[in-house]
Amino acid sequence: MTDKKFAPGIERTFAMVKPDGVQRGLIGEIIARLEKRGLKVVALKMVKPSIEHIDEHYPKDDKWIARLGNKGFTVFDEQGISRKEAMGTEDEFEAGKQVRGWLVDYLVSAPVVPMVIEGVQAIEMVRKIVGSTLPSKADIGTIRGDFSTDSPLAANLTKRPIRNLVHCSETQEEAEHEIAHWFSADEVYEFERSDHAAMF
Ligand code: IDP
Ligand code: MG
């Protein structure tokens, strides 16, 4: 990548406007926030994925599933809501399995807009711009903090994933897996932004 010599630490990450973001007409707003920060969109498309494709997108290991189940539990514990009432189980792995199933079904319900974002510390920067998973914890100024208001309780009681508009990779490992899963090498472009010299 030509940029590497100007700015060490350049990374690529994967982000995707989820069905709620597409249906609410927020594709442009979401991409604009990433671009305005100085990050570069190097791959982009709109697709309606298959169940199999989404199933392979999200991790399947027990640790990830338990962590997923635990996210909602942290809020229920804070609010004094019974885990069993909110989730039908006290077990984070069982809860995670349910949430993963809802996620997979939801992500195939409408088109999504996957993209590859490149820039300095892109993985962390995109996470920051997108904001916390739980809308109540997402700072104002982040995409989720400004445009979403869903809660794990509301989501779980109606057996659906929290609607928080965007997916983005959390780690280098997720980024590599997700980029390769959604894009072939020739769909990811190399080019220089015109403001590159001013930024670096
Ligand atoms: P992330 O999207 O911020 O990376 P993850 O923990 O990887 O968050 O969870 C994936 C997605 O699963 C979230 O974006 C959200 O839509 C959904 N989700 C997470 N926890 C819950 C929950 O407790 N109930 C319903 N949906 C959840
Ligand atoms: Mg995640």
Side-chain angles (χ1 to χ4, degrees), residues 13-24 26 30 33-34 49 51 53-110 112-117 122-139 142-179 181-182:
T13 189
F14 175 81
M16 178 163 66
V17 184
K18 295 192 201 176
D20 49 332
V22 172
Q23 289 166 331
R24 288 178 56 194
L26 289 170
I30 289 165
R33 285 174 176 231
L34 300 170
I51 283 264
H53 192 80
I54 293 293
D55 189 44
E56 293 300 325
H57 161 77
Y58 284 110
K60 289 180 169 179
D61 59 282
D62 292 2
K63 201 172 153 211
W64 188 88
I65 293 174
R67 189 209 54 117
L68 185 64
N70 190 255
K71 233 172 218 188
F73 283 168
T74 58
V75 175
F76 306 143
D77 293 350
E78 258 174 42
Q79 297 180 347
I81 299 162
S82 140
R83 291 180 174 197
K84 180 113 183 143
E85 241 168 79
M87 220 36 227
T89 174
E90 306 240 339
D91 183 75
E92 52 188 38
F93 181 72
E94 287 307 314
K97 273 204 298 198
Q98 288 187 61
V99 174
R100 195 182 185 286
W102 303 334
L103 257 178
V104 172
D105 287 343
Y106 182 59
L107 271 274
V108 302
S109 68
V112 292
V113 178
M115 65 193 95
V116 179
I117 305 294
I123 299 168
E124 189 187 339
M125 295 243 187
V126 172
R127 287 297 298 182
K128 213 166 190 175
I129 296 165
V130 167
S132 176
T133 309
L134 308 174
S136 65
K137 306 246 185 232
D139 290 329
T142 64
I143 295 167
R144 288 167 169 172
D146 287 351
F147 297 107
S148 65
T149 183
D150 200 10
S151 77
L153 186 61
N156 294 348
L157 292 177
T158 48
K159 302 200 181 304
R160 57 173 180 78
I162 298 163
R163 300 217 170 138
N164 55 12
L165 305 160
V166 198
H167 164 84
C168 58
S169 316
E170 296 182 59
T171 62
Q172 177 86 40
E173 197 191 352
E174 274 189 20
E176 281 168 15
H177 162 70
E178 291 169 4
I179 291 169
H181 184 62
W182 288 88

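Atoms considered below: every heavy atom in the structure, side chains included; atoms not considered: hydrogens, waters and symmetry mates. Order of appearance sets the numbers: ligands from 1, and atoms from 1 within every ligand.
- Look at K97 and E94 and you find a salt bridge, because one of the NZ, NE, NH1 or NH2 atoms lies within 4.0 Å of a carboxylate O, short of that distance.
- Closest to atom 16 (O) of ligand 1 among all protein heavy atoms lies I162 O, 2.8 Å.
- When non-hydrogen atoms are compared, ligand 1 lies under 4.0 Å from the side chain of R67 (C-beta onward) but not from its backbone.
- Protein heavy atom closest to atom 15 (C) of ligand 1, with residue, atom name and distance, is N164 ND2, 3.6 Å.
- Nearest protein neighbour of atom 3 (O) of ligand 1, counting heavy atoms only, is T133 OG1, 2.5 Å.
- The shortest separation from a heavy atom of Q98 to ligand 1 is not under 4.0 Å, leaving the residue out of contact.
- Looking only at protein heavy atoms, the nearest one to atom 23 (O) of ligand 1 is G72 CA, 3.4 Å.
- A salt bridge is defined here as a Lys NZ or Arg NE, NH1 or NH2 lying under 4.0 Å from an Asp or Glu carboxylate O, and D55 with R100 meets this definition.
- Protein heavy atom at the shortest distance from atom 11 (C) of ligand 1 is L103 CD1, 3.6 Å.
- Geometrically, R83 does not engage F76 in a cation-pi contact defined by less than 6.0 Å to the ring centre and at most 45° from the axis.
- On a distance-only criterion, E170 and ligand 1 share at least one N/O pair closer than 3.5 Å.
- Because the distance cut-off is set at 2.8 Å, E174 fails to qualify as a neighbour of the Mg ion (ligand 2), as none of its N, O or S atoms comes that close.
- Regarding atom 19 (C) of ligand 1, its nearest protein heavy-atom neighbour is L68 CD1, 3.6 Å.
- Under the 3.5 Å distance criterion, the side-chain polar atoms of T89 are matched with a main-chain donor or acceptor of D91.
- Nearest non-hydrogen protein atom to atom 18 (N) of ligand 1 is V99 CG1, 3.7 Å.
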